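Some notes on the structure that comes next.
Everything quoted here is computed from the prediction, not taken from an experiment. FYI, side chains are in, hydrogens and waters are out, and symmetry mates aren't considered; it's all heavy atoms of this structure. For this chain, numbers begin at 1 and follow the sequence in order.
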Amino acid sequence: MVRRIEKILERWFLLEPPLFQVLCLHELIAEDSITCPVRSGKKRVEYNPDMLGKMTDEALEEVLKIEAVRILMKHPYERFPDGCCLIAAALGSNVTVGDNYVFKRVRIHSPADFSLEKGQYYEWYAMKIQEQLPPS
């Protein structure tokens, strides 16, 4: 898995310098216990090797791109909307990324999935999604 990720980073060095830089500033750690393909926080990018192992190289690259964009936008970890639970913040992040980038091999939420308008910002999406969630 490490070699597959290294090949993507080598390509990003020339084609996607900001994505290359942000991932290189984080420690890549295999973590079997996480329930998502990739997550980040505290200068770490953790990945589930079993989930990523089932992906094509193209899908793996898109998953890494999604996480790198999240890190660059500082959410949902540093920009955590007031009054939102972790689920709403994570979904708001997904919607923001899905609203601004096209992914061909990986499905990510879009504003339409929550009957929301396009072109809004992360905190707005997170708050609107929080309103749709059942009270906790």
Side-chain angles (χ1 to χ4, degrees):
M1 184 56 53
V2 172
R3 183 64 195 132
R4 289 177 68 199
I5 293 171
E6 285 174 349
K7 288 179 86 168
I8 292 166
L9 291 177
E10 287 170 5
R11 195 169 48 259
W12 284 3
F13 177 75
L14 295 174
L15 300 176
E16 299 280 1
L19 302 182
F20 168 80
Q21 183 177 15
V22 76
L23 283 187
C24 286
L25 292 173
H26 287 71
E27 184 180 6
L28 287 168
I29 299 171
E31 183 56 64
D32 295 332
S33 66
I34 63 174
T35 59
C36 57
V38 180
R39 72 178 182 192
S40 61
K42 300 178 183 174
K43 292 291 186 186
R44 298 167 51 134
V45 173
E46 298 174 336
Y47 62 91
N48 183 312
D50 292 332
M51 291 178 147
L52 296 186
K54 295 174 185 170
M55 293 181 180
T56 65
D57 288 346
E58 294 81 9
L60 172 59
E61 183 168 2
E62 287 188 354
V63 166
L64 291 174
K65 181 177 185 177
I66 290 168
E67 203 60 32
V69 168
R70 277 189 223 286
I71 294 167
L72 287 169
M73 292 192 299
K74 300 182 185 285
H75 58 78
Y77 309 102
E78 292 181 45
R79 284 175 61 191
F80 197 92
D82 291 335
C84 284
C85 67
L86 185 57
I87 293 169
L91 289 171
S93 177
N94 286 350
V95 169
T96 305
V97 174
D99 189 27
N100 290 284
Y101 294 90
V102 175
F103 298 99
K104 296 178 182 176
R105 291 163 180 82
V106 175
R107 168 84 168 89
I108 190 164
H109 291 102
S110 71
D113 294 330
F114 296 93
S115 301
L116 299 172
E117 62 186 75
K118 298 179 88 162
Q120 293 296 325
Y121 54 97
Y122 163 59
E123 289 82 0
W124 188 89
Y125 284 130
M127 292 302 295
K128 292 297 184 180
I129 291 169
Q130 180 69 47
E131 292 171 5
Q132 294 180 23
L133 295 176
S136 54

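Side chains of Leu86 and Phe80 form a contact here, defined as non-hydrogen atoms less than 4.5 Å apart. Side chains of Leu23 and Trp12 form a contact here, defined as non-hydrogen atoms less than 4.5 Å apart. Taking the side chain as every heavy atom from C-beta outward, Cys36 and Asn48 never approach each other to under 4.5 Å. Proximity of Ile108 to Tyr101: side-chain heavy atoms (C-beta onward) are nowhere separated by under 4.5 Å. Using a 4.5 Å heavy-atom threshold, the side chains of Leu19 and Val69 count as touching. Side-chain contact between Val95 and Asp113 is absent, with no heavy-atom pair separated by less than 4.5 Å. Arg70 is listed as a side-chain neighbour of Asn94, based on a closest heavy-atom distance under 4.5 Å. Residues Tyr122 and Asp99 are not in side-chain contact: their nearest non-hydrogen atoms beyond the backbone lie 4.5 Å or more apart.
Evaluated for a side-chain contact (heavy atoms from CB on, under 4.5 Å) with Val45, the options Arg39, Glu27, His26, Glu31 yield exactly one hit, His26.
Glu10 and Lys7 are not joined by a salt bridge, as no carboxylate oxygen comes within less than 4.0 angstrom of a charged side-chain nitrogen. Residues Glu61 and Arg11 are paired through a salt bridge, judged by an N-O separation under 4.0 Å between the basic side chain and the carboxylate. Under 4.0 Å is where a charged nitrogen must lie from a carboxylate oxygen, and between Lys104 and Glu62 no such pair does.
By the 6.0 Å contact criterion, CD1 on Ile87 is open, its count of non-hydrogen atoms from other residues, nucleotides or ligands being 12 or less.
Across all their heavy atoms, Glu117 and Trp124 have their closest contact at CG-CH2, 3.7 Å. Nearest heavy atoms, Gln130 versus Cys85: OE1-N, 2.7 Å. Residues Ala59 and Thr56 come closest through the heavy atom pair N-OG1, 3.1 Å. Closest heavy-atom contact between Ala88 and Ile129: CA-CG2, 4.2 Å. Closest approach of Arg4 to Asp57, counting heavy atoms only: NE-OD1, 2.7 Å. Taking both residues in full, the closest heavy atoms of Met127 and Pro81 are given as SD-CB, 4.4 Å, listed atom of the first, atom of the second, then distance.
The distance from the CG atom of Leu52 to the CE atom of Met55 is 5.5 Å, given to the nearest 0.5 Å. Here CD1 of Ile71 is found 9.0 Å from CG of Leu25. Values are rounded to the nearest 0.5 Å. In this structure, CG on Leu116 lies 9.0 Å from CD on Glu131, to the nearest 0.5 angstrom.
Clustering ILVMFWY residues whenever any of their side-chain heavy atoms sit less than 4.5 angstrom apart, transitively, puts Leu72 in a cluster other than the one holding Tyr125. Hydrophobic cluster membership differs between Leu91 and Val97, with clusters built from Ile, Leu, Val, Met, Phe, Trp and Tyr side chains linked at under 4.5 angstrom. Follow the hydrophobic side-chain contacts under 4.5 Å out from Val2 and you reach Leu28 in the same cluster. Under the 4.5 Å side-chain heavy-atom criterion for grouping Ile, Leu, Val, Met, Phe, Trp and Tyr, Ile34 is not connected to Met51 through any hydrophobic cluster. By the criterion of side-chain heavy atoms lying less than 4.5 angstrom apart, applied directly or through intervening Ile, Leu, Val, Met, Phe, Trp or Tyr residues, Leu60 is grouped together with Phe20 in one hydrophobic cluster.
Aromatic ring pairs are classed by plane angle as parallel below 30°, tilted from 30° to 60° and perpendicular above 60°; the pair His109 and Phe114 is tilted.
Although no hydrogens or angles enter the test, the distance criterion places no donor-acceptor pair under 3.5 Å between the side chain of Ser93 and the main chain of Ala89. Formation of a donor-acceptor pair under 3.5 Å by the Arg79 side chain with backbone atoms of Glu123 is not found in this model.
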